[in-house]
Amino acid sequence: MYGIGILKGLWVTLVHFVETFTEDFRWIGRKRYYSEEGVAARRSKDAKGIFTVQYPEEKLPVPEEFRFIPFLVYEVDEEGNKHDRCTSCGICAKVCPPQCIWIVRTEDPVTKRPVPEPVDFFIDVDICMNCGYCAEYCPFDAIKMDHDYELASYDRHAEHIYNKEKLSKPVEYYASIRPANYTREEAVKAAEEAKKAEAAAAKAAAAAATAQASGGEQAAS
Amino acid sequence: MSEQTPVKEAPANPPTELEKRFPGAVKRDERPGFEGHIVEVAKLHEVAAAIRDEMGYDFLSSVTAVDYYSEAPEGENFIEVVYHLYKSTGGGALVYRVQVPRDNAVVPSLVDLYPGADFQEREAWDLYGVKFEGHPDLRRILLWEGFAGHPMRKDWKEPYFEEDVKPFKNRWPEGQVYRIEDRNPVGKNVSYPQGFDPDGFQETDDPRMYESLERSSQDFIEQIDTEQVVVNLGPQHPSTHGVFRMAVRMHGETIVGLKPVMGYLHRNHEQIGERNTWTMNMPFTDRLDYLSSMSNNFGYALAVEKLIGEKAAPPERAEYIRVIMAELTRISNHLWAIGFLLNDLGAFFTPALYAIEERELILDIFEATAGSRMMCNYFRFGGVARDLPEGILPKIKDLVTDRLPRKVEELDLYLSANELVRSRGEGVGVITPEDAIAFSAAGPVLRASGVPYDVRRADPYSIYDRFKFDVTVRQHGDVYDRYMIRIDEIYQSLSILRQALKDIPEGEIMNGKNPYQVRVPAGESYGRVEGPKGELGFYIVSTGKANPHRYHVRAPSFINLTILEKMCVGQKIADVVVNLGSIDIVLGEVDR
Ligand code: SF4
Ligand code: SF4
């Protein structure tokens, strides 16, 4: 019969329509909207009914790997001094596809040796294509991709070149948004440190042995 | 060939079949890293015809030009036009090329043999200034009339020129920070051809286009002695496919000619690609067909890996991850295509949104693995960027074994039997198998016309030879079949995914380190994958430097449009948009 296909199709839309309400009934007493649980349920494989996330009241949780604009990681030592992890090696600027990173290097006024930490560090976020290469190829884990995606501003001419101050965030922040990555990197670093310490200890022991053999006692002190 | 092929006693350089067939006109390409033959320009047409008719290479995959330019007087200075051909029954490529002087680049057109060369030759004319003699309609295709020069030539410089290759040294000189926009203000960043006045500009290109429109509809004009009208559809988003325009010539409501006009979003992707380093190109491929960035990554990675060789062979686990991602991409792309085809049919947004719900769940997976929903930038030469995150495999499994089959079935029930869909789709925009091959149509468009050609099976890459799946094929070549074939393909992709998820091993995901600079040996390679929209190819030439010498994209959306006029002529104006929708184009890839 002509029209059967249409009726079947209408049945599908009817089911969708009804599900919107039955889901709401099943969630009575729990929060289907504006709650983490509700959003998660609406993104699961069993999601039925209303699918939309009501941004900005509701937000999708971002996965750990999510990347947006890069930020610079700094550490704070016991005295409260900030130390950039960045050594201004320039690899990120070289690998950046749209070439939007600029690093201002400097040298020590007394010794004239280059100082590892950059004086300033700029990223033109209008040009940044969010590729994540800078974070991927930085050998010092000094630049990482941020989760913050709400960057609208009123004046792009004045505000869209980020400087070091705006880019810098503490290492704790990094650990909080990317815990798995952070733990993995720290483990690698700890292993390397241990290896170095071991090598140093072995070296010291060897040195002590030779010192002892030559009869000197100073090595121990 | 009259004489018997002699038993080869391993002579140093046995003449190839082509060399024997055309003594003097064809010689082997002896450059290291290159394959195929160099054909005399004067004999090109004859050789090409013989290759098509006698050897059976009936599918012209890609035509493109390469500029070999050096400032030194004794250096090589010529333009090469490269042809990649395949048999529609499967197998590897046949490559031949012609070399012509840069200041007099004239090559005979092959449009009469391979109608699919039409747009590709126009593109080579536009970007390289190669004149194709005998081309019926040699106009610029991506750029406009007021564009000065041919931008892909190596000695062409844009008005605001920075440097030939990245990394740039001069972007922010003296530690001063500038916005690129302030140094390169609007109005100062253009140059025009000599004698061109942008203010007094009359669209001279358009009359030429209308002329060609008239030419192609000549038969009708003679038959029917009534007035005909030209209607422009677009360029403002004809039904959400992007900024695309169709100039349609009509008699009453019947279409007698149609010319697609594109290039409104042209970014000169290939020029950018030749300035980039090899690695930098990966995120740019995302921006081609932005609905299926994983597939684009795949094609580019394959092309470069082919050139690097064993050192970049991805480990097992990475191969499986690649296949999983590519097939998920295909599903999400087809869902999108079906949804928007229904939009074009007038079923406004309900089917599209049902389809997009499922696509969202797939994008969630991409976001968790690659870091971005659409601009994935996930593949690297020799593997993938990072391993799958904790807990994602069960999630993919749930989708693949439970939700997606259920939902695709629902979509099928919802739409496939619908009488309106059928009557709007059946018998509309019919492409015969012969036409589909001749016009170099690829992907679902080709297979819906009864040609069982799928790169995954015809010329397997990666680990596709391990999976059991059917090459889907439908026989009518109309809009309805092009819709159905996408549903069929989703089922096949789901089956591949189930097999891949079962077999995926533990282990490394990169072959060696992931260096920020890769060394690519000199030579050429053509990597192609079966993208969701059809055959996606990357032709690259390396000179051993940090940047590609040539980076060309064979974009399926772009080439599939060649057949649009043929599909539409004789039909009603109301079917144009449906026909366009059934090709499934993305303008990021058409305009590049
Ligand atoms: S962020 Fe990393 S890669 Fe960039 S300059 Fe600093 S240390 Fe080098
Ligand atoms: S994310 Fe990519 S584009 Fe942005 S600064 Fe880093 S390397 Fe450059």
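Letters A, B, ... are given to chains in the order of the sequence lines, protein chains preceding strands, and every chain is numbered from 1. Only this structure's heavy atoms are used, side chains among them; waters, hydrogens and symmetry mates stay out.
Of all residues spanning residues 394-402 of chain B, those with a heavy atom less than 4.5 Å away from chain A's heavy atoms are B/Asp398, B/Asp402, arranged by number. Of all residues in residues 351-362 of chain B, those placing a non-hydrogen atom less than 4.5 angstrom from a non-hydrogen atom of chain A are B/Tyr354, B/Glu357, B/Glu360, B/Leu361. Proximity to chain B among residues 30-45 of chain A is limited to A/Arg43, A/Ser44, A/Lys45, judged by heavy-atom separations below 4.5 angstrom.
Looking at B/Thr350, the atoms closer than 4.5 Å to chain A (heavy atoms on both sides) all sit in the side chain, from C-beta outward. Contacts of B/Ser416 with chain A are absent, with no heavy-atom separation under 4.5 Å from either backbone or side chain. Of the atoms belonging to A/Phe66, heavy atoms from both backbone and side chain fall under 4.5 Å from chain B. A/His160 touches chain B through its side chain: at least one heavy atom from C-beta onward sits under 4.5 Å away, while N, CA, C and O do not. With a 4.5 Å cut-off on non-hydrogen atoms, B/Leu413 touches chain A through its backbone and its side chain both. Proximity to chain A is absent for every atom of B/Asn281, based on heavy atoms less than 4.5 angstrom apart.
Listed by chain and number, the residues in a side chain to side chain contact (heavy atoms under 4.5 Å, CB included) with A/Asn130 are A/Phe68, A/Ile69, A/Cys128 (sequence neighbours excluded).
The main-chain N or O of B/Thr279 is found under 3.5 Å from a side-chain atom of A/Tyr133 such that the two form a donor-acceptor pair. Looking only at distances, no side-chain donor or acceptor of A/Glu65 sits under 3.5 Å from a matching main-chain atom of B/Thr369. Not one N or O on the side chain of B/Asn418 forms a donor-acceptor pair closer than 3.5 Å with the backbone of A/Ile6. Side-chain N or O atoms of B/Arg422 include none that pairs as donor or acceptor with a backbone N or O of A/Gly5 at under 3.5 Å.
Here the CZ atom belonging to B/Arg275 is positioned 11.5 Å from the CD atom belonging to A/Gln99, to the nearest 0.5 angstrom. Atoms CD and CG, from B/Glu419 and A/Leu7 in turn, are 8.0 Å apart once rounded to the nearest 0.5 Å. Distance CG/B/Asp412 to NZ/A/Lys8: 9.5 Å, rounded to 0.5 Å. Note that CD of A/Glu64 and CD of B/Glu390 are 10.5 Å apart. Values are rounded to the nearest 0.5 Å. Between the NZ atom of B/Lys166 and the SG atom of A/Cys96 there is a distance of 8.0 Å, given to the nearest 0.5 Å. Here A/Cys138 contributes atom SG and B/Tyr516 contributes atom OH; the two are 11.5 Å apart, rounded to the nearest 0.5 Å.
Nearest approach of B/Asn377 to A/Arg67, heavy atoms of both residues: CB-NH2, 3.8 Å. Of all non-hydrogen atoms in A/Pro97 and B/Phe284, the two that sit nearest each other are CB-CE1, 3.7 Å. Nearest approach of B/Asn514 to A/Glu136, heavy atoms of both residues: ND2-OE2, 2.8 Å.
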- Query: Where do B/Arg287 and A/Met129 land on the side-chain contact (heavy atoms from CB on, under 4.5 Å) test, with the steps shown first?
  - Reply: CA-CA 10 Å; B/Arg287 276 102 177 141; A/Met129 70 197 293; 3.5 Å; yes
